[in-house]
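Down below is the structure, laid out as structure tokens.
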2 protein chains.
Amino acid sequence: MSDVYRALSDPTRRTIIRLLRQRDRSAGELADHFPVTKPTMSKHFTVLKEADLIRGRRTGTTIIYSLNVSVLEDALCGLLDVFRITPKSKPTKEES
Amino acid sequence: MSDVYRALSDPTRRTIIRLLRQRDRSAGELADHFPVTKPTMSKHFTVLKEADLIRGRRTGTTIIYSLNVSVLEDALCGLLDVFRITPKSKPTKEES
DNA sequence: ACTATAGTTAGCCAAATGGCTAATTATCCT
DNA sequence: AGGATAATTAGCCATTTGGCTAACTATAGT
């Protein structure tokens, strides 16, 4: 779980997540969006995979990454919960 | 703004925030909750201050830290927005 | 003025992080 | 089998990070 925070702490990885929010993309397609090499991107993918935020499936020679939306939602909502923040709705019943 | 992500990426700092969610606490009082030295805690305070997440005011020899709730809320809600997550409410109108 | 107490700053160190190039793996095509 | 393409793994490097001890600052009390 703490892997998620680590994964989210890097701007490149946050952008990867945002890109995958729109649709699945191959490793190379994702790499095209950043001024870093493919091996570096591969490392970012690994970090995101370790946090279970993304998954890759092979199709021929390309690997298609897709976002694990539920894990992302759980992580972010968990974050809100930890800090007892209520995004838009009514004020909280006051914490413990 | 990116300072906020950095600040949130460390477990000690997340706990500091949680403690300050309950009530204001002195530097020493906060330090008592962790198995690290006071100078180390001081560094964490600095990181949190740089992200404008906490503020300290001096009272005699002690420094009382308090959470900047609005900044924390903004940061987390911003995070939700970036990823187009809707915490509890109705499903989104679908993104761009 | 001296001492005690609460914190921070300075300076160091080992481990982690994010980047690169070179080498390797995997798949497809002829 | 051999070559081309997509991606990862291996290994290296500089910077950042989180920790420590020692030294300093600031305030209070006597």
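To find a chain, count down the sequence lines: A is the first, B the second, and so on, and within it residues start at 1. Any value given below was found using the heavy atoms of this structure, including those in side chains, with hydrogens, waters and symmetry copies removed.
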Take the protein atom [atom1] of [X] and the nucleotide atom [atom2] of [N], then report the distance between them rounded to whole Å.
{"X": "B/Arg55", "N": "C/dG7", "atom1": "CZ", "atom2": "P", "result": "20 Å"}
{"X": "B/Phe45", "N": "C/dT9", "atom1": "CZ", "atom2": "C1'", "result": "15 Å"}
{"X": "B/Tyr5", "N": "C/dG18", "atom1": "OH", "atom2": "C1'", "result": "19 Å"}
{"X": "B/Lys38", "N": "C/dT8", "atom1": "NZ", "atom2": "P", "result": "9 Å"}
{"X": "A/Arg13", "N": "C/dA16", "atom1": "CZ", "atom2": "C1'", "result": "12 Å"}
{"X": "B/Glu50", "N": "D/dG18", "atom1": "CD", "atom2": "C1'", "result": "14 Å"}
{"X": "B/Arg14", "N": "D/dG18", "atom1": "CZ", "atom2": "P", "result": "11 Å"}
{"X": "A/Asp10", "N": "C/dA16", "atom1": "CG", "atom2": "C1'", "result": "13 Å"}

A/Val47 or A/Arg58, whichever maps to the more 5' nucleotide of DNA chain C: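 Between the two, 5'-proximity favours A/Val47.
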Distance, nearest 0.5 Å, that separates [atom1] of [X] from [atom2] of [Y]:
{"X": "A/Lys49", "Y": "A/Asp3", "atom1": "NZ", "atom2": "CG", "answer": "14.0 Å"}
{"X": "A/Asn68", "Y": "A/Arg55", "atom1": "CG", "atom2": "CZ", "answer": "4.0 Å"}
{"X": "B/Asp74", "Y": "B/Leu79", "atom1": "CG", "atom2": "CG", "answer": "12.0 Å"}

OP1 or OP2 of [N] under 4.0 Å from side-chain N/O of [X]:
{"X": "A/Thr62", "N": "C/dT27", "answer": "no"}
{"X": "A/His44", "N": "C/dT17", "answer": "no"}
{"X": "A/Tyr65", "N": "D/dA6", "answer": "no"}
{"X": "B/Ser26", "N": "C/dG7", "answer": "yes"}
{"X": "A/Arg6", "N": "C/dT17", "answer": "yes"}
{"X": "A/Lys43", "N": "C/dG18", "answer": "no"}
{"X": "A/Thr37", "N": "C/dC20", "answer": "yes"}
{"X": "A/Thr40", "N": "C/dG19", "answer": "no"}

Touch class at under 4.0 angstrom, heavy-atom based, for A/Phe34 against every strand present: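 Nothing, no heavy atom under 4.0 Å.
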5' priority, DNA chain D, between A/Thr46 and B/Pro35 [closest heavy atom]: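 Whichever sits nearer the 5' end wins; that is A/Thr46.
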B/Arg14 NZ/CZ over A/Tyr5 ring centroid, <6.0 Å and within 45° of normal: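 Relative to the ring axis of A/Tyr5, which defines the angle, B/Arg14 lies inside both limits.
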Residue [X], side-chain heavy atoms: nucleotide from [options] that is nearest:
{"X": "A/Thr61", "options": "C/dG7, D/dA6, C/dT9", "value": "D/dA6"}
{"X": "B/Lys49", "options": "D/dT8, C/dT8, C/dC20", "value": "C/dT8"}
{"X": "B/Ile63", "options": "D/dA10, C/dG18, C/dG7", "value": "C/dG7"}

Check: B/Thr59/B/Thr62 side-chain N/O donor and acceptor closer than 3.5 Å: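 No, no side-chain donor-acceptor contact under 3.5 Å.
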Nearest non-hydrogen partners of B/Val71 and B/Ala51, listed with the distance: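 Reported closest heavy-atom pair: CG1-O, 3.9 Å.
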